[in-house]
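What follows is one structure encoded as structure tokens, with my remarks underneath.
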Amino acid sequence: MSLAKDFIEQTEPPRPAKETLPTMYDLPDEDPEEPGLPDEFHYLQPHLLSQTFRIPNYTEDRIFTSGDLNLYYHVHHPLWHKRPDWFAVVGVPRLYENRDLRRSYVIWQEGVSPAVVVELLSPGTEDEDLGLTEGRENTPPTKWQVYEQILRVSYYVVFDRRTNQLRVFQLVGGQYQELSLDHQLRILMPTLKIGLGLWQGKYQGIERLWLRWYDLSGNLILTEAEQQQQRAERLAARLRELGVDPDNL
């Protein structure tokens, strides 16, 4: 693979990063050697998080969420990347340059770091996800180092579906500090005006504990399908109040 843009000499005044550094079109979007092969939960849970991640004062076209997407973070090592199970960026176009679906997220092109990263623990990646592995010289930094020290992600979430343990870390003074969940196993993220917690319920026909977003009042943020079901139930209840059987219409 050619990364010729990485070697273009700068001018005075400097040329934009989009002209001199690799973009998502230049960088690989898959890594078949990535450890921790995903299971079905790694597919369903990120979709549920994306469907319900709604931030006040931001429209859907100014929020980007994704799961299992290469996240390129180091301008001097353009091939170094992490692949979070899920992350969200607030304040960027939903589409790359407002026109294309992203193949990857390239920090030096986008200019905005993720606000939240979620890792779903797997046996092969558990130690690194929890910051228990140490970085080695002349090798890429660990996930923890990238999220905390390079990208400075405000909230780092780790969930183990085998034990249903949820841990949330907030960046405070340049270091992650673990937050305490409330009695409902939820945590508020006031800077984002949203909450995250565990929810026992059925999603895609599967009953279990899921990670779900809540508003600051503690109300569950519904998927589009759940909203439609709620509207149908309200309509049926109203018809019954009027003496009409909605099942016999």
Side-chain angles (χ1 to χ4, degrees), residues 30-55 63-71 81-89 104-105 114-133 142-148 151 153-171 176-189 192 194-215 218-226 229:
E30 293 183 323
D31 187 356
E33 297 182 359
E34 186 78 17
L37 295 176
D39 55 16
E40 189 178 11
F41 182 75
H42 278 70
Y43 171 80
L44 293 174
Q45 178 65 85
H47 277 265
L48 178 56
L49 290 172
S50 288
Q51 289 177 6
T52 56
F53 186 76
R54 302 190 190 99
I55 303 295
I63 296 174
F64 175 68
T65 68
S66 184
D68 202 27
L69 191 80
N70 283 2
L71 172 57
H81 66 276
K82 300 301 178 188
R83 199 174 175 93
D85 289 320
W86 186 86
F87 67 95
V89 191
S104 58
Y105 192 84
V116 185
V117 166
V118 176
E119 293 287 3
L120 307 172
L121 292 188
S122 299
T125 63
E126 183 173 356
D127 286 349
E128 186 177 4
D129 290 341
L130 293 173
L132 302 178
T133 56
T142 66
K143 290 181 184 178
W144 190 279
Q145 290 172 324
V146 170
Y147 301 153
E148 179 189 64
L151 295 177
V153 177
S154 296
Y155 295 96
Y156 177 44
V157 178
V158 180
F159 180 59
D160 188 340
R161 77 175 183 90
R162 298 164 298 176
T163 63
N164 292 322
Q165 182 182 26
L166 171 63
R167 302 178 68 182
V168 181
F169 303 86
Q170 182 178 11
L171 193 67
Y176 279 138
Q177 293 185 11
E178 187 166 3
L179 302 176
S180 298
L181 305 180
D182 65 18
H183 68 285
Q184 293 180 299
L185 301 180
R186 301 178 186 176
I187 194 72
L188 291 180
M189 300 177 179
L192 294 176
I194 200 171
L196 180 69
L198 294 179
W199 169 75
Q200 180 70 42
K202 184 176 290 187
Y203 175 67
Q204 296 293 307
I206 299 174
E207 176 80 25
R208 62 156 291 117
L209 273 177
W210 299 94
L211 285 177
R212 289 291 301 253
W213 296 109
Y214 296 82
D215 63 23
N219 301 308
L220 196 68
I221 299 177
L222 303 179
T223 66
E224 183 61 34
E226 289 169 335
Q229 180 180 354

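Numbering starts at 1 and runs along the sequence shown.
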Legend entry - Residues in salt bridge (charged side-chain N to carboxylate O under 4.0 Å, His left out) contact with Glu224, at least two apart in sequence or another chain: Arg231
Legend entry - Close aromatic pair by centroid cut-off 6.0 Å: Trp86 and Phe159: no
Inset, instruction - Would you confirm whether the ring centroid of Tyr214 sits within less than 6.0 angstrom of the ring centroid of Trp199? - result: no
Inset, instruction - May I ask you to say whether Glu119 pairs ionically with Lys82, meaning some side-chain N is under 4.0 Å from a carboxylate O? - result: no
Inset, instruction - Return yes if a side-chain donor-acceptor contact under 3.5 Å exists between Gln51 and Tyr203, otherwise no. - result: yes
Inset, instruction - Only one of Leu220, Ile55, Leu192, Leu49 passes side-chain contact (heavy atoms from CB on, under 4.5 Å) with Trp213; say which it is. - result: Leu49
Legend entry - Residue from Leu181, Asp160, Leu185, Val158 passing side-chain contact (heavy atoms from CB on, under 4.5 Å) with Leu166: Leu181
Has [X] got a side-chain atom pairing as donor or acceptor with [Y]'s backbone, closer than 3.5 angstrom?
| X | Y | result |
| --- | --- | --- |
| Arg54 | Leu222 | yes |
| Gln45 | Leu211 | yes |
| Arg212 | Gly197 | no |

Inset, instruction - For the residue pair Tyr105 and Phe87, categorise the inter-ring angle as parallel (less than 30°), tilted (30 to 60°) or perpendicular (more than 60°). - result: perpendicular
Legend entry - Considering all heavy atoms, the nearest Pro46-Gly67 contact: CB-CA, 4.4 Å
Legend entry - Which atom of Gly218 lies closest to which atom of Arg186, heavy atoms considered: O-NH1, 3.0 Å
Legend entry - Test item: Leu171 and Val153 side chains (from C-beta on) under 4.5 Å apart, heavy atoms: no
Inset, instruction - Check Tyr155, Tyr176, Tyr156 against Tyr147 for a ring-ring contact (aromatic ring centres under 6.0 Å, His included) and give me the one that passes. - result: Tyr156
